[in-house]
Amino acid sequence: MNKKTYIIGDSMISSLGFGSKENMKSLYDGNSGVQRIDDKYLYPEPFMGARLDDKQLNRCFSSLLMMSKLPEDFEFTRFEKMAIMSMAGVYRDQTFPTDKNTLFILSTTKGNIDLLQEDLMEKWGKERSMLYKAADVIAQFWGFENKARVLSNACISGVEALHIASKFIKQGVYENVIIVGADMLTEFVVSGFMSFQSLSSNVCKPFDESRDGLNLGEAAGCIFLSSNEQYLKRNKTILEISGGGSSNDANHISGPSRTGDGQFFAIQSAMKEAELTSKDIDHISAHGTATPFNDEMESKALNLAGLQEKPVNSLKAYFGHTLGAAGIIESIVAIHNLVDQKILKSLGFEKNGVPMPLIIQQKTEEYSMNNILKTASGFGGCNAAVIISKTEKA
Amino acid sequence: MDKLIEELKVEIIEALNLEDMEPEDIDINEPLFGDGLGLDSIDALELIVLLEKNYGIKVEDPKKGKEIFASVKTMAEYITAHQK
Amino acid sequence: MQEIKHVYIAKSCLFVNGQLVLKGENSIFVKYLKEVYKHTDIKYSKYFKMDPLSKLGFLAAEVLLKDMKCSESPERNGIILENKVSTYLVDVKHQVTINDKENYFPSPANFVYTLPNVMTGEICIRHGFKGENAVFVNEAFDAEFVCQYIKSMYEADKVDMLIGGFVDADEDEYEAFMFFTEKDNVSELDAKMIEDLYLKSKSQAEE
Amino acid sequence: MAIYINGIGLISPQETKSNASFLEEVNVLEGDYFKIAEPPYKEYIAPRELRRMSRVIRNGIVSAKIALNDSGLENPDAILTGTGLGCATDTEKFLMAMSENKESLLTPTSFIQSTHNTLGGSIAIGLGCHNYNMTYVNRGFSFESALLDAILMINGQEIENALVGGFDEMTENHNKLLLTQKHYAKENGAVAGQGSGFFALEKQINENTYAELKELETYFKPEDSAIEEKVLQILKTHDVNTSECVVLMGFNGVPVEQNKYNELRDSVFLNSCIAQYKNLSGEYYTSSAFAFWAASQILKKQSLPECMLVSGNVPSTIKHVFIYNQFLKNEHSLILLAK
């Protein structure tokens with residue numbers, strides 16, 4: 001492994017805004033995109049969630065069509081629009097290649113799942129509801145030469161995509177990887193989580209004593225990774241994915257490990273690859289869904305990894321849990337935190353409510369950092385971790 | 001009188017925006033209008049206001065301005081004669 | 001060169017290393033799966049709670065890993081699977097429960113299977129794999145990409161053993177292909193060879 | 001009919017008086033608003049004439065002279081100026097005197113100099129130009145209106161050429177008032193600026209030509225999608241390849257005003273190199289004159305200064321520059337220049 005996985009560009013759209021800059025500003029201001037949603041198309045009862053501004057999405061997208069490599073009258077689903085919009089944000093800062101050296105990965109859990117609704121199924125048909133088809137459409141919009149790949153590993157998809165992509169780049173399998181993480185707030189997902197009784201009726205409170213569940217959200221984020229230094233000319237601070245790993249609890253499909261060893265293995269694997277120890281990690285952007293078991297598991301995993309003295313936050317109270325997009329948008333935030341040398345308070349946290357000691361960041365402030373650990377965990381017992389580091393050109 | 005003249009020079013420079021001039025650049029006998037300092041009718045009006053504002057002297061007839069503002073010296077003499 | 005162990009299940013046939021092991025009496029997908037379950041001779045009550053996709057993946061792994069030696073460090077064992085329709089069968093089932101607003105009854109036991117990686121989760125639980133795990137959704141089995149992934153994980157020294165494959169369950173078709181790799185034989189791993197093993201099994205099943 | 005920009009002149013907070021250089025160094029903001037980088041006035045204006053001129057008139061005359069010298073045009077067929085505030089310093093001076101002296105003892109100089117058309121008149125006097133002379137005071141459209149008049153007259157064959165300019169000045173007092181408005185508030189507000197830009201427009205192309213003026217559109221309080229539609233139409237009409245286009249947008253740092261810019265940047269102009277200029281000029285009624293100058297330079301020099309780049313890759317051949325500016329979300333203007 002002699003190449004570096006540089007982070008060239010990023011962009012995201014979320015309930016907090018369009019574009020990374022707008023999102024970062026909102027985060028530094030301490031805003032939350034989670035609000036009461038009363039929409040019978042999403043759930044019969046009002047619930048707390050984080051939604052995108054549809055009007056802005058459609059407006060921007062309609063003129064984006066000019067860029068499309070698909071026929072003029074080709075129609076796009078809402079999910080595809082979200083994904084393409086987030087890629088557009090990266091593209092406008094640094095045109096990304098679409099040639100054979102470039103891999104496009106879509107990280108999502110449910111993609112076009114709204115098409116299963118009877119009325120939509122009639123219009124779009126079964127195939128369009130398939131994840132590979134959505135990825136295909138998005139890839140064709142930009143004209144990628146390689147086949148699009150969909151990574152669907154529940155809530156770790158985004159973080160794991162970064163991990164896998166960085167292996168490909170380091171080993172020279174591909175020079176560039178464009179990763180898009182996207183998921184929508186749909187009746188399908190809301191009803192499912194409701195049936196699990198895991199949604200909070202307030203803005204969620206990760207790691208807090210009174211946490212009582214998560215909020216769902218929707219977002220799309222895109223990260224452009226490359227080993228090609230030529231793309232770095234606009235980056236003032238040079239960052240890389242220095243390590244990554246994924247693991248499985250091998251314990252229960254919907255309940256996290258009681259010991260935290262699964263998550264610990266992923267962290268350990270990432271630190272080993274990055275040749276860093278717990279001392280070198282400056283901050284952890286945790287998964288922190290605010291469900292009682294998840295946060296408890298994470299406190300154990302971080303203690304196993306010797307990271308109990310490093311400031312931890314969760315961004316779920318800002319964006320809600322955006323499933324396949326979460327790992328990407330939260331990594332984008334980490335990227336900007338490293339550039340800005342600022343750490344975000346863990347919104348919603350007041351009093352420690354996890355069994356193992358953790359330092360939960362309570363204030364948004366300047367903070368000197370070189371390495372941020374980003375973790376994620378999900379259904380199926382899966383875990384992933386990546387380390388985002390300040391670096392220099394090789 | 002000399003003091004008045006020096007004072008007047010500074011006031012003229014300020015009121016008429018003669019920013020590059022120093023009081024000593026103004027010859028007290030040199031005509032203010034025409035060839036000398038090159039002032040014009042607008043400047044005359046400015047000077048009328050100056051007299052009223054700074055010395056309480058009202059010049060009712062603008063035509064008289066020509067005599068009063070012939071030079072810094074004539075101005076000073078007019079002021080001395082009319083000041084209450 | 002020792003052949004890479006592989007398993008193929010489709011059209012009521014079970015092949016191990018290209019040899020037909022169990023020809024189903026029943027052509028109905030779930031019923032045939034039960035025959036395979038009996039064939040594996042295990043008692044695993046959780047199996048019956050699984051969705052068809054997980055059952056299929058679980059059984060393929062069961063057959064594949066029989067008599068195989070995995071790494072003793074659980075975090076060095078991994079799995080990567082591809083899949084075409086993701087969890088379409090379960091998705092539709094969940095959708096039906098919410099279509100009628102008057103009769104709204106989403107089921108958590110069903111919903112949890114609406115993620116394709118729950119299948120790999122089930123396999124990890126069964127065999128105690130705690131290492132790398134990934135599910136990619138692709139229109140068809142793509143030996144080249146799966147091998148790229150596998151080689152990459154070995155090169156990065158993330159695993160000692162890695163299962164690869166393609167498991168898919170749609171309305172009227174199902175297919176599972178799974179193969180076993182380990183650190184010591186990774187240099188022999190070749191996308192073309194894997195592709196050939198897959199195609200050979202596939203054509204045999206179609207006969 | 002084609003209209004060419006054959007001479008340009010700009011006095012601004014930046015070192016722009018020489019057209020030979022192009023924003024190679026940047027004067028950073030000092031204080032609450034952008035101050036003019038003053039040229040050596042005496043090199044352009046006789047001291048005697050200089051005496052009564054406020055800064056805005058001086059800057060206006062200097063920029064007009066630079067533009068005329070640049071183009072070789074001596075006596076333009078029309079002098080068209082646009083300004084939002086006109087001669088603010090003199091207006092203030094007069095009003096202050098009125099207030100201090102209780103409406104008596106008023107002096108005439110600042111009064112005569114305080115009208116918006118003072119500059120247009122002064123340029124004409126200096127040139128001895130007896131041709132059409134018009135000043136537009138149209139808030140955020142002031143420069144655009146002057147430009148539009150020139151386009152109409154040239155296209156209508158009434159004139160062959162025109163000197164068109166936009167100018168505004170900012171004063172300490174005026175800025176204090178602005179700071180109390182949301183648009184200019186210290187937190188998240190725009191920084192006020194000033195400047196004067198003049199342009200020699202001619203029907204004939206010559207070896208000094210900077211660019212061709214292709215299109216000018218103005219919109220007052222447009223519907224949500226009107227701008228996108230218009231932009232698309234303009235791009236189509238003039239066969240603009242967005243990847244060979246630099247888009248100069250009036251980003252001013254006010255979050256609520258940013259949306260429209262962002263939307264266009266993320267959609268129609270995704271392929272384009274996006275640039276800004278208010279970080280150099282500040283926000284003012286006729287800031288599009290600064291953009292017009294920069295656009296002319298970009299096309300002639302075929303380069304974009306680093307300080308203007310927002311996003312995208314600078315095209316190797318810059319065929320078009322598209323200027324999109326809005327003022328307080330009300331006045332939106334679109335200008336297209338071609339190489």
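All of these numbers come straight from a predicted model, not from anything done at the bench.
Only the side chain of D/K260 comes within less than 4.5 Å of a heavy atom in chain A; its backbone stays farther off. Neither the backbone nor the side chain of D/S243 comes within less than 4.5 Å of any heavy atom of chain A. Neither the backbone nor the side chain of A/K233 comes within contact range of chain D, judged by heavy atoms closer than 4.5 Å. Within the 4.5 angstrom heavy-atom criterion, atoms from both the backbone and the side chain of D/D266 approach chain A. Contacts of A/K55 with chain D are made by side-chain atoms alone, with heavy-atom separations under 4.5 Å and no backbone atom involved.
Taking each heavy atom of A/M66 and D/V268 in turn, the nearest pair found is CE-O, 3.8 Å. When all heavy atoms are compared, the tightest approach of D/S267 to A/C60 is CB-O, 2.9 Å.
Counting heavy-atom pairs closer than 4.5 Å to chain D, the top residue among A/K21, A/E22, A/K25 is A/K25. Top candidate by heavy-atom pairs under 4.5 Å with chain A, chosen from D/N188, D/L235, D/N262, is D/N188.
Distance check, rounded to the nearest 0.5 Å: CG of D/L270 to CZ of A/R92 gives 8.0 Å.
At most 12 non-hydrogen atoms from other residues, nucleotides or ligands lie less than 6.0 angstrom from CG of D/D239. D/K186 NZ: 12 or fewer foreign heavy atoms inside a 6.0 Å radius. Summarising the local packing, CD of D/E24 is surrounded by more than 12 heavy atoms from other residues, nucleotides or ligands at distances under 6.0 Å.
Take A/D340 and apply the salt bridge (charged side-chain N to carboxylate O under 4.0 Å, His left out) test, not counting sequence neighbours, and it matches no residue.
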From CA spacing to verdict: side-chain contact (heavy atoms from CB on, under 4.5 Å), D/N259, A/F18: CA-CA 9 Å; D/N259 289 351; A/F18 281 53; over 6 Å; no
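Within residues 226-234 of chain D, the residues having any heavy atom closer than 4.5 Å to a heavy atom of chain A are D/E228, D/L232, listed by residue number. Listed by sequence position, D/L309, D/V310, D/S311, D/G312, D/N313 are the residues of residues 302-329 of chain D in contact with chain A, using a 4.5 angstrom heavy-atom cutoff.
Pairs of residues two or more places apart, or lying in two chains, that qualify as salt bridge (Lys or Arg N to Asp or Glu O under 4.0 Å) and include a residue from residues 59-73 of chain A are A/R59-D/D224, A/R59-D/E263.
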